[in-house]
Amino acid sequence: TVHVLPQTPQLIALLTIIRDKNTQRGDFIFYSNRIIRLLVEEGLNHLPVEGHEVTTPLGRTYAGVRFEGKICGVSIMRAGESMEQGLRDCCRSVRIGKILIQRDEETAQPKLFYHKLPADIADRWVLLLDPMNATGGSASMAVEVLKSKGVAEERILFLNLIASPEGLEHFASKFPKLRVITAFIDEGLDDKNYIVPGLGDFGDRHFG
Ligand code: HSX
Ligand code: HSX
């Protein structure tokens with residue numbers, strides 16, 4: 001299932017800045033971080049909570065809730081690493097796994113080079129991080145890696161900034177129980193399988 005962030009004027013303004021080809025790296029990082037923060041908070045909204053009672057300084061009890069699971073961020077390198085800090089800003093001691101997948105820009109086929117994941121990942125909720133979902137090939141490959149480590153599809157939340165309709169369809173048909181949280185669904189892909197209108201190569205714009 002796909003959850004799109006509420007398309008508020010504020011969010012569109014942030015997206016407009018990072019889409020602008022004249023936006024320089026410092027601003028690109030600053031404004032994309034604001035969107036990433038919203039994506040992380042929305043992702044956390046999908047995790048289960050249990051009842052938890054506290055006493056306030058006024059001596060009253062408050063029947064609240066607390067998060068009951070363990071989580072792990074997994075970034076698809078390189079671009080996905082740009083989302084790690086946003087997750088850490090919300091979850092201080094969060095564990096982070098890495099999967100290095102590179103898309104061959106001739107064929108648009110993803111290739112897996114490396115992965116390193118926490119040993120107990122199968123017991124965790126996984127927030128999969130990649131800002132761009134074009135054909136969906138890279139993220140699918142990452143999900144296959146996670147599944148091979150015993151992570152259930154329903155425990156994976158894929159956080160991404162811009163998705164193409166093609167990428168989302170690919171994902172929905174392959175992994176129907178997986179949740180995708182995206183800030184924006186773009187028009188589609190061009191003949192090189194780049195997202196349009198898009199924002200160019202996220203990794204290049206963020207890391208240089
Ligand atoms: C974060 O810290 C999340 O709530 C995680 O559940 C927790 C990290 O747990 P661990 O990886 O240190 O066991 O706030
Ligand atoms: C870019 O290509 C992104 O960060 C993703 O890792 C990937 C998206 O392309 P696709 O595999 O969805 O076509 O580097």
Side-chain angles (χ1 to χ4, degrees), residues 1-5 14-15 18-19 21 23 25 28-29 31-40 43 72-87 96-117 126-148 151 153 156-176 178-208:
T1 46
V2 181
H3 302 270
V4 185
L5 291 186
L14 298 174
L15 278 159
I18 64 169
R19 284 185 195 281
K21 67 175 182 164
T23 297
R25 184 158 358 275
F28 186 88
I29 293 169
Y31 292 102
S32 58
N33 280 347
R34 287 189 52 194
I35 302 172
I36 290 163
R37 180 66 178 259
L38 295 172
L39 280 169
V40 170
C72 172
V74 173
S75 62
I76 303 178
M77 296 161 72
R78 174 179 66 157
E81 290 177 300
S82 65
M83 301 173 74
E84 292 175 3
Q85 190 58 45
L87 178 58
I96 306 264
K98 309 252 185 186
I99 301 180
L100 174 54
I101 291 172
Q102 240 181 344
R103 196 177 88 158
D104 180 326
E105 291 305 342
E106 293 295 308
T107 62
Q109 289 307 304
K111 189 166 176 238
L112 175 65
F113 286 91
Y114 168 85
H115 60 82
K116 185 89 182 176
L117 302 163
V126 175
L127 300 172
L128 181 63
L129 311 172
D130 193 331
M132 306 296 276
N133 179 11
T135 64
S138 304
S140 293
M141 188 171 265
V143 171
E144 296 294 357
V145 171
L146 294 171
K147 288 177 79 173
S148 76
V151 181
E153 230 174 272
I156 303 172
L157 302 169
F158 176 30
L159 306 186
N160 95 283
L161 264 87
I162 300 189
S164 75
E166 293 90 333
L168 289 173
E169 232 160 81
H170 176 107
F171 238 77
S173 64
K174 263 186 109 169
F175 310 114
L178 187 147
R179 277 165 284 186
V180 179
I181 295 154
T182 189
F184 213 75
I185 302 176
D186 263 11
E187 261 166 57
L189 302 175
D190 70 6
D191 54 7
K192 287 167 132 180
N193 285 313
Y194 292 154
I195 300 178
V196 284
L199 49 70
D201 187 306
F202 194 99
D204 285 352
R205 297 197 65 190
H206 188 280
F207 291 111

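Counting starts at 1 for both ligands and their atoms, following the listed order.
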**OP:** Verify, without hydrogens or angle tests, whether S164 (side chain) and G188 (backbone) share a donor-acceptor contact under 3.5 angstrom.
**Re:** no
Subject >> side chain to side chain contact (heavy atoms under 4.5 Å, CB included) assessment of L117 paired with V145 >> reply: CA-CA 10 Å; L117 302 163; V145 171; 4.1 Å; yes
Original post:
Could you walk me through whether M141 and I76 pass the side chain to side chain contact (heavy atoms under 4.5 Å, CB included) check?
Top reply: CA-CA 10 Å; M141 188 171 265; I76 303 178; over 6 Å; no
Original post:
Between Q85 and I29, is any pair of side-chain heavy atoms under 4.5 Å apart?
Top reply: no
Between ligand 2 and the protein, tabulate every N or O atom pair separated by less than 3.5 Å, reporting distance only.
unit_1, atom_1, unit_2, atom_2, d
ligand 2, 4 (O), D130, OD1, 2.8
ligand 2, 6 (O), D130, OD2, 2.6
ligand 2, 11 (O), S138, N, 2.8
ligand 2, 11 (O), S138, OG, 2.6
ligand 2, 12 (O), A134, N, 2.8
ligand 2, 12 (O), T135, N, 3.0
ligand 2, 12 (O), G136, N, 2.8
ligand 2, 13 (O), R103, NH1, 2.8
ligand 2, 13 (O), T135, N, 2.8
ligand 2, 13 (O), T135, OG1, 2.5

Which donor-acceptor pairs under 3.5 Å do the side chains of residues 77-84 make with protein atoms, sequence neighbours left out?
unit_1, atom_1, unit_2, atom_2, d
R78, NH1, G208, O, 3.2
R78, NH2, D204, OD1, 2.8
E81, OE2, K98, NZ, 2.9
S82, OG, A79, O, 2.6
E84, OE1, K98, NZ, 3.3
E84, OE2, S75, OG, 2.7
E84, OE2, K98, NZ, 2.9

Subject >> Derivation and outcome, salt bridge (Lys or Arg N to Asp or Glu O under 4.0 Å), residues E153 and K147 >> reply: CA-CA 7 Å; E153 230 174 272; K147 288 177 79 173; 2.9 Å; yes
